There are 2 protein chains.
Amino acid sequence: MNIGEIARRAGVSRSTVSYALSGNRPVSEATRKRIQSVIDELGYRPNASARALAEGRTRTIGLVIPPASSRLTHMQLDFVGSVVDAAAKADLDVLLSPSGGDHDRSFERLVSESRVDGVILMEIRMEDARVDRLREARMPFVGIGHPANDPGMFWVDVDYAGLIYHCVRHLADLGHRDIALLNRSPELVAAGYGPGHRAREGFMRAVTELGLQGTELLCGDDARCGQECIADLLAGRPEVTALATINEAALPGVQRALQEAGLVIPRDFSLTGVVASQWAEDFRPPLTAADMPSDQMAAQAMALLVEIIRDPSMPAQHILMSPPISLRHSTGAAPAGSHAAIRPVGQPQQPTGGGLS
Amino acid sequence: MNIGEIARRAGVSRSTVSYALSGNRPVSEATRKRIQSVIDELGYRPNASARALAEGRTRTIGLVIPPASSRLTHMQLDFVGSVVDAAAKADLDVLLSPSGGDHDRSFERLVSESRVDGVILMEIRMEDARVDRLREARMPFVGIGHPANDPGMFWVDVDYAGLIYHCVRHLADLGHRDIALLNRSPELVAAGYGPGHRAREGFMRAVTELGLQGTELLCGDDARCGQECIADLLAGRPEVTALATINEAALPGVQRALQEAGLVIPRDFSLTGVVASQWAEDFRPPLTAADMPSDQMAAQAMALLVEIIRDPSMPAQHILMSPPISLRHSTGAAPAGSHAAIRPVGQPQQPTGGGLS
DNA sequence: ACGTGTAGTCGAACCGGTTCGCGCACCGTA
DNA sequence: TACGGTGCGCGAACCGGTTCGACTACACGT
């Protein structure tokens, strides 16, 4: 079932079969048909390893994901699906590699054993050793997210700073003066997680420019943490009337905490942020939020990667996406007086993240 | 940077380098060290395609997932992560392939181009053409889930029928007499989705054996559908006091619907089912449920696959997992009288799924 | 009739590894 | 000293494709 067998049965040489299949040289209609019928009969498919070895490319790309231990968020998972789809459209296969933790052998295989033609690197940190490693190995790659300084690196990212800035601005326009940011977990941000830092940056800029009161909450990525965080916030800073979030996994907890405090969205409390549209629409009421465009990000990253693979000398390119904020029903005018008065009084506590200014 | 270059610099033949690396023949300590130092200096790693071609195996396995269009559930995503982890532990790489929809080229590449040594096939349907295709191509594979008839096929599955049976039994023990099953979407079940059919089967058996009143709801996989489904149920069949579910994505909606109806879990309504533990614990109150053991399933499937690859003539093996039901706080004694009386009365509607008996 | 060009095909080399068979040097033993 | 065994290394063949250079046959223009 190899190319030699096909050649033998069709009464031609191996090279002719190869040319008939690839079209890289003209082959007469008669022999092409003869070869094709033999192939159809035997169900022959060329061996991928042999082809990769001869061509010097694998028609496979690597997708480096964070290790499963640090649970993937829905946003990330959406993205993985989108990448696989985009790759399938380009007739490429996807090799999955967790990195970090104890799985670095897998990453090392990816970069140095010519297993893939290029790499999409998720979850770039502000300082990221993997970027250096890929560049050293001259492996074409596109980052999802970008490090603090990026000399000539290709990446696609979402403009968290700008989006959170706009979210806060939107809240301020509605009259909110005391606003919180629900950031990701303290560990993640401390580890240099880009979106966390950039969301904070946009938040601070907005707060400063607009003369607001701002509180940042660092909150674990699950409903329980979200509930605790918001409960603490409402107890410690009852003046807060609105929240911007980049932590969608905490949303169910946010909802519960607000509910238990007797607050109705958006009458008593406004909520917005950067959230995968699926989650935004599943929320009650549906969230006014910037929809994460994971399909487009994946498609853009893939297109970029294909270009770099074709021409490795291409000048670097960055794509900073800024999806529009979809107006749904979770933000409204600030309540006339602080709702602190009408809430059952608990003893005030310091919110988890500490104040900002 | 190939094995010939290493050999040249170390002053030995290519075969000696190969043997030094693989250990397949003895090499003197002195030459081994010399070779190793050259390798370290140049950072040499053998080319994966060439090795695969020569050895006749790729050290890669394929993971066939449902296409991204039909959104992956958290359970499935957990499983993907677990598979990648298990593969990394065995020094195997994972090639991701969506199947179904218009991505069948990707699946075809997987089975017939010798890209992988074996396949893990997710989301097996009761009748599944991919199973036949894999068998025809003599590709070692392990199914997650199993088809209706499985002549000599390897698979790992969760005993949905048994688990749902036990859930219902548990509810019956608490005094519930009128119980609903929250199944997956009508389309999925109609397409022969195994867990849907087997959950139904276990539910019917329990209902019949225990002389209960049973209602099956077919419900889309998101919060909105969950909310509608339960709202309809409460309106049309107010006698129902407990629910077993295999549709975790609908849970947030279930919660909202119960809440809006003024029902408190578990005082007025009991909830249980088969749910990834993360979701079960995120729920308020935490769900009494059978935890999906995705880590163990992945590890088992991987172990099985490795064995089949080593010895393709192995007799078939099935693993039906039956994780224990974790008692948390979402089930309780049936309310004394039906809570229908104390609920605000809406006009009765037919529940989405229709009655069972 | 004779170069010239071109379409179609073949053989051989090559991609970068692994493995088999063989030869050489060295050992202990008869 | 001759001999069989063993440890170590070499060269060549092979895995299954792709591609390059060359060769043949035929059509064309002069």
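Computed from a predicted structure; not experimentally measured.
Remark: side-chain polar atoms of B:D117 are paired, donor with acceptor, to backbone N or O of B:T58 under 3.5 angstrom.
B:R130 places none of its side-chain heavy atoms less than 4.5 Å from the side chain of B:F141. Here the side chains of A:M321 and A:V156 are in contact, with some heavy-atom distance below 4.5 Å.
As judged by a 4.0 angstrom heavy-atom cut-off over every strand, B:P26 is placed among residues touching the sugar-phosphate backbone only.
Note on A:R133 versus A:E136: salt bridge recorded, some NZ/NE/NH1/NH2 to OD/OE distance being below 4.0 Å. Electrostatic pairing of A:D91 and B:R105 counts as a salt bridge here, judged by a charged N lying under 4.0 Å from a carboxylate O.
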- [ ] Let me have a per-nucleotide readout for nucleotides 14-21 of chain C, 5' to 3', with B, S or -, counting only protein heavy atoms under 4.0 Å.
- [x] -BBBBBBB

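The shortest distance between the side-chain N/O atoms of B:T31 and the OP1/OP2 oxygens of D:dC8 is not below 4.0 Å.
Straight-line distance from the CZ atom of A:R32 to the P atom of C:dA7: 14 Å, rounded to whole Å.
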